[in-house]
Amino acid sequence: MDGYFITFEGGEGSGKSSILKSAEQKLQNLGYDVLTTREPGGIEIAEKVRDIILDPVHTAMDARTEALLYAAARRQHLTEKILPALKKGKIVLCDRFVDSSLAYQGFARGLGIDEVFSINQFAIQDLMPDLTLFFDIEPKEGLARIKANKDRERNRLDFENIRFHEQVYEAYQLLVSKFPDRIQVMNADQPFAQVETDTVKYIDSYLKKIK
Ligand code: TMP
């Protein structure tokens with residue numbers, strides 16, 4: 001594969017989605033051929049699965065069903081969009097990927113990180129990100145940011161209690177220690193412009209080092 005696959009991870013209100021959008025522009029200005037996308041979603045089929053998973057009305061959804069739907073959306077997204085872009089040599093920036101399933105479904109929902117990894121392995125067939133940036137902010141700070149942002153869509157997982165979001169945070173810390181070579185921690189508890197600068201600088205130096 002000629003391209004590079006970079007994923008952005010973090011809890012609610014970590015700012016990763018806005019950072020991803022602005023990083024795309026800044027990296028393009030530096031001459032990189034960048035494609036941005038998101039999970040769950042990124043293509044029509046997976047966006048439809050996203051609507052089903054995140055609809056606040058679907059309170060009856062079983063945790064395993066949730067995990068399988070995320071994995072199904074991921075599979076389609078990977079084959080239809082991510083892999084073709086990597087084959088063309090693009091830098092793919094993806095808002096969330098398999099680590100989200102490990103943190104949210106594996107740990108916070110209690111299904112088990114290894115178990116959730118194994119259903120995802122069926123979907124991804126060893127295609128792990130080259131680099132993952134974890135946008136680190138305490139859950140209560142992230143949730144306060146969400147509350148303050150009236151324009152943000154509210155999804156089913158936003159309605160989980162603080163304990164759930166603390167478990168997601170704890171899971172990310174576990175993943176950081178499990179995959180220290182792949183996951184880089186970014187301090188997200190700073191002004192937007194600073195996080196944006198840190199992110200672009202980190203990706204640029206990573207790509208220069210690895211190319
Ligand atoms: P977003 O708010 O970053 O767009 O993500 C949508 C929600 O889906 C968010 O609450 C995290 C959750 N999620 C999972 O629980 N598992 C996954 O595998 C993914 C990709 C997202």
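In listed order, ligands and their atoms are each counted from 1.
Atom CG of residue Leu102 and atom CG of residue Asn120 lie 6.5 Å apart, to the nearest 0.5 angstrom.
The closest heavy-atom contact to atom 11 (C) of ligand 1, among the options Glu153, Arg96, Arg154, comes from Arg96. For atom 19 (C) of ligand 1, the nearest non-hydrogen atom from the set Tyr70, Tyr104, Phe97 belongs to Tyr70.
Taking 4.5 Å as the limit, every side-chain heavy atom of His165 sits out of range of all side-chain heavy atoms of Glu138.
Protein heavy atom at the shortest distance from atom 9 (C) of ligand 1 is Glu12 OE2, 3.6 Å. Of the protein's non-hydrogen atoms, Leu54 CD1, 3.7 Å is the one closest to atom 6 (C) of ligand 1. Of the protein's heavy atoms, Arg50 NH2, 2.9 Å lies nearest to atom 4 (O) of ligand 1. The closest protein non-hydrogen atom to atom 18 (O) of ligand 1 is Ser101 OG, 2.6 Å.
Between Phe97 and Phe8, the ring center distance fails the sub-6.0 Å criterion.
Checking side-chain atoms of Asp130 against main-chain N and O of Phe5 turns up a donor-acceptor pair under 3.5 Å. Here the side chain of Asp55 pairs no donor or acceptor atom with the backbone of Asp51 at under 3.5 angstrom.
Below 3.5 Å of separation, one finds no N or O of Ser17 facing any N or O of ligand 1. The shortest N or O to N or O distance between Glu39 and ligand 1 is not below 3.5 Å. In terms of polar-atom proximity, Gln105 is counted as a contact of ligand 1, with an N or O under 3.5 Å from an N or O of the ligand.
Heavy-atom contacts of Lys16 reach the following atoms of ligand 1: 3 (O) (cutoff under 4.0 Å). Taking every heavy atom of Pro40 and a limit of under 4.0 angstrom, the matching atoms of ligand 1 come to 20 (C), 21 (C). The Leu157 neighbourhood of ligand 1 comprises atoms 10 (O), 12 (C), 15 (O), with distances under 4.0 Å to a heavy atom of that residue. Taking a cut-off of under 4.0 Å to the non-hydrogen atoms of Arg152, the atoms of ligand 1 that pass are 2 (O). For ligand 1, the atoms lying closer than 4.0 Å to a non-hydrogen atom of Arg74 are 17 (C), 18 (O), 20 (C).
With respect to Arg156 and Glu66, a salt bridge is recorded, a charged nitrogen being found less than 4.0 Å from a carboxylate O. The residues Arg145 and Glu141 are annotated as not salt-bridged, no charged nitrogen and carboxylate oxygen being separated by less than 4.0 angstrom. With respect to the salt-bridge test (charged N to carboxylate O, under 4.0 angstrom), the residues Arg64 and Glu115 qualify.
Distances shorter than 4.0 angstrom do not occur between any heavy atom of Glu66 and any atom of ligand 1.
Under 4.0 Å from ligand 1, not a single heavy atom of Ile53 appears.
Phe135 and Val176 are assigned to two separate hydrophobic clusters, defined by single-linkage of ILVMFWY side chains at heavy-atom distances under 4.5 Å.
No more than 12 heavy atoms of other residues, nucleotides or ligands lie within 6.0 Å of CZ in Phe122, so this atom counts as exposed by the packing criterion.
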